Amino acid sequence: MHNNLVIVESPAKAKTIEKFLGEGYTVTSSMGHVRDLEKKDFGIDIEKNYLPKYVVTPDKKKIVSELKKMAKDAQVVWLASDEDREGEAIAWHLMEVLKLKPEHTKRIVFHEITKDAITNAIQNPRSIDQHLVNAQQARRVLDRIVGFEVSPVLWKKVKPSLSAGRVQSVAVRLIVEREREIRDFTSESAFRVIATFLVPDDKGNVTELKAELSKRFETRDEAAAFLEKCKTAEFSVSDVAKKPGKRSPAQPFTTSTLQQEASRKLGFSVSQTMSVAQRLYESGKITYMRTDSVNLSSLAINTSKKKIEELHGENYVKIRKFKTKSKGAQEAHEAIRPTYMDQETVDGTSQEQRLYELIWKRTIASQMADAIMERTTVTIDVSTASEKFIASGEVIVFDGFLRVYIESTDDEGQSNGNGQSIIPPLHAKDVLSMEKTIATERFSQRPARYTEASLVKRLEELGIGRPSTYAPTITTVQNRNYVVKEDRPGVEREYQVLELKGGKIKEQTKTEITGAEKSKLFPTDIGMVVTDFLVDNFSEIMDYNFTADVEKEFDDIADGKLVWNEMIDKFYKPFHEKVDDALENAERSKGERVLGVDPKTGKQVSVKIGRFGPLAQLGEASEEGGEKPQFSSLRSGQHIETITLEEALELFKLPRELGDFEGKKVSVSIGRFGPYVRHDNKFVSLGKEDDPYSVGLERAVELIEIKREKDKNAVVKVFSEDAELQILNGRWGPYIKYKKKNFKIPKSTKAEELSFEDCMKIVSAAPATKSTRSRKK
DNA sequence: CAGTGAGCGAGCTTCCGCTTGACTT
């Protein structure tokens, strides 16, 4: 056979497959979808039964024209996109756009990229599954309807440029609700009691045994009373129980679990993980990184087995087949695994090496034997009290997969003082000598804030989003300023400790830091207001089960049991009514909260979302001609839901007028970049040691003069030809400033020696500045 | 870069999923 054109989705895949197919086959890639709904417009003709208006995606025009050329020269075009809803649609769009004739076109699928799998696929072609394509069209149209009908409601009722969507709005809701749970959480404390016993062995060596009391005391007095009883008590073993246990390895990596583990073990952000994985994939070191499958090919299993035998011996091997449990999984690919299991490490950046190592270990461990444990529990009676102490320990009898890999957890849990690995040999009725008993006040823990990775985990559990969209979704909600990823310092908290030792009870108050956060997701004020608005007006799409429910219908469409535009119609009619209703009747939502009354002026103090973000307002807008209210932006760290009246009143103490300097006013305030002094339309930042609420004129003038001195030194060169051209000294060395724009000076040239012409050359040679749109962050 | 928050109106914003570079810092 000659002139066969095989089209897959990714170029890296194309390269590999071309090697397997050999002569007569050209393999190329479409780079994903090539067509999409028109973007300028709604893109769907509601009147014509939801007819989608497809156009070639602008950045795919070149690819499409190349594909057209290649298809023309081919006798047979093999559409080899992924075997899922999106892949089927890609094949169908290609057929439409390239105007392929059915008799010259074949649809093939394979689940692993091996020679066998591909030749097998070539021998078993099929035609395009239109039901599956329709399921994708329904998915696409539904997302467009939700996104493009709800977003404009937000523009009108909350703030321009906002966005809403089936996935992002629910992701934000999760974070908003978690934040409120945390806000409403009241922590309770209880006294946890741990005793240390001394256990001598035959040779007279003494080991410590720690045991926790089965009961926690609610108050200090109860704990103290118990310790009092312990003073005279005899401690005896009442029971020693041994129980076998086992642990099994985790499943091979999917996109979501890889993102979680890379976050926990390597501290990678979700998008960082994906870009490192992409590089490993492109250099042929791992399989495809956007997958929801936990399946391993037989080749991977066999080579893993060989490797385990070689490294650890035959008894460490246990072949396992894993089944995907997650909702809505489509399993077009394998799990994420090393391409060659015999390669334990790879070359590359340290990030690439560490991620690869993680993938290798996880894959190998998944084919290894269970770890066998023995758990020992010792119960110790207290002669003077009914409570019992429990000591438990775990011994690994056979390490199995633990030799290679242990999955981390999200628990931030307090380190627990008991639970030790080895329990000294003990028997019932043994009497123990107690060295000390400590009662420590412990606090119940509030729910944990989401990290990027734990949010992905939650979304996957809910069946919301796909492997290819987890990272972009996390980025979107942050870009839209619904959510911020931040560190927050903890606060000090006091706790009581009572210690019984040598017959005496010692009482102490200690402090600990609690609630510190690192790289956690917090909702912004606008995120909260938008979420509330959407929940109030569009409860259906904000429901955590909405996606799962429509997925069931997409499945029915794929099975031919449901007609796609009928499904859409059933959704659209009532939904669109809600949109109209909200546009007409919903109140403008600014998240306004009245904090109270200013005791000085008697005016009302409130907070709300303004045009430029959250603000505090002093006084109410009156009907006509009245006094205008005063406004002040909230500072970073202040939030509409949590700010107090006192904090809000502080805001109105700025700007402060300090007096005159050189005949011009000097004032101090706090801006986007912190506290500053303003004089003659120039700004000078306050130092760390200066307090904007108390700083005086003298200090302000000093700062102004320091700044002037600095600015003098900043100018390297000025030109008589054009006053707007300057060479200045900046943070990163000299640069050219021309008409308020900055230009880089090439490293090879000395700034002082540049002539006017040289500078203008650099200015005109600089690339035109990007439009504000593409620069949006 | 450092301050904005009246009201009008034009013109714009916006979704999810499939892919890779082309960008800047």
Side-chain angles (χ1 to χ4, degrees), chain A residues 8-14 29-37 39-44 57 59-60 63 81-82 84-91 93 136 139-156 159-169 275 278-279 281-282 288 290 330 332 464-473 476 480 541 547 590 608-617 621 624 628-633 654-655 667-678 681-686 732 740 744 767 770 772-777:
Chain A
V8 296
E9 288 182 43
S10 119
K13 208 166 163 182
S29 65
S30 74
M31 307 268 196
H33 275 294
V34 293
R35 273 206 313 189
D36 190 18
L37 296 175
K39 201 171 180 269
K40 284 181 291 198
D41 209 19
F42 194 58
I44 302 163
T57 318
D59 59 331
K60 297 290 166 58
I63 289 162
S81 43
D82 298 344
D84 59 10
R85 204 163 62 203
E86 299 297 328
E88 202 68 17
I90 289 174
H93 280 300
Q136 193 274 347
R139 198 280 302 157
R140 181 68 192 91
V141 165
L142 179 91
D143 282 336
R144 171 58 64 91
I145 289 172
V146 170
F148 276 37
E149 292 216 356
V150 177
S151 298
V153 179
L154 292 178
W155 304 342
K156 199 174 158 207
K159 220 177 100 157
S161 298
L162 295 174
S163 65
R166 175 176 58 82
V167 173
Q168 58 167 287
S169 297
S275 73
Q278 174 93 26
R279 289 204 297 275
Y281 167 67
E282 282 172 10
Y288 198 57
R290 290 187 274 264
Q330 308 207 2
I464 299 172
R466 305 277 314 127
S468 68
T469 60
Y470 294 136
T473 300
T476 303
R480 295 252 169 270
I541 59 162
T547 291
K590 294 174 182 161
K608 65 177 183 185
I609 300 267
R611 262 206 297 157
F612 310 104
L615 61 83
Q617 181 177 337
E624 244 170 75
K628 263 199 206 170
Q630 250 182 291
F631 298 101
S632 172
S633 293
L654 294 177
S667 64
V668 58
S669 190
I670 299 181
R672 259 211 297 161
F673 308 100
Y676 65 90
V677 175
R678 183 178 183 153
N681 265 335
K682 288 197 180 77
F683 300 86
V684 186
S685 290
L686 284 187
W732 298 287
K740 292 193 176 168
K744 247 193 255 173
K770 290 276 174 189
T772 45
R773 253 200 79 186
S774 59
R775 233 197 289 178
K776 211 191 299 184
K777 273 200 173 167

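Naming: A, B, ... by sequence-line order, numbering from 1 per chain. What you see is a predicted model, and the numbers here were worked out from it, not measured in a lab.
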Whole-Å distance between B:dC18 C1' and A:His33 NE2? 5 Å
Stacking of A:Phe148 on B:dC15 base (centres under 5.5 Å, planes under 30°): no
I need the CZ-P distance between A:Phe612 and B:dC1, as an integer number of Å. 17 Å
Whole angstrom value for the distance that separates C1' of B:dC16 from CG of A:Asp84: 14 Å
From C-beta outward on A:Asp36, which listed nucleotide comes closest to its side chain: B:dC16, B:dT19, B:dT14? B:dC16
Between A:Arg85 (CZ) and B:dG17 (C1'), how many Å, whole number? 10 Å
Please determine, by modelled atom types, if A:Ser669 and A:Arg678 share a side-chain donor-acceptor pair under 3.5 angstrom. no
Ignoring the backbone of A:Glu282, work out which of B:dT19, B:dG21, B:dT14 is nearest its side chain. B:dG21
What is the nucleic acid contact for A:Leu162, judged by heavy atoms within less than 4.0 Å: base, sugar-phosphate only, or nothing? sugar-phosphate
Does any N or O donor sit under 3.5 Å from an N or O acceptor when you compare the side chain of A:Arg466 with the base of B:dC16? no
Scan A:Thr473 against the nucleic acid and name what it touches under 4.0 Å (heavy atoms): base, sugar-phosphate only, or nothing. nothing
What's A:Gln168 touching, base or sugar-phosphate or nothing? Going by heavy atoms closer than 4.0 Å. sugar-phosphate
Take atom CG of A:Asp41 and atom P of B:dC15, then tell me their distance rounded to the nearest Å. 16 Å
Measure from the side-chain heavy atoms of A:Arg290 and tell me the nearest of B:dT20, B:dC15, B:dT13. B:dT20
Euclidean distance, atom CG of residue A:Asp82 to atom P of B:dT19 [Å, nearest integer]: 6 Å
Nearest listed nucleotide, side chain of A:Tyr281, among B:dT14, B:dC16, B:dT20: B:dT20
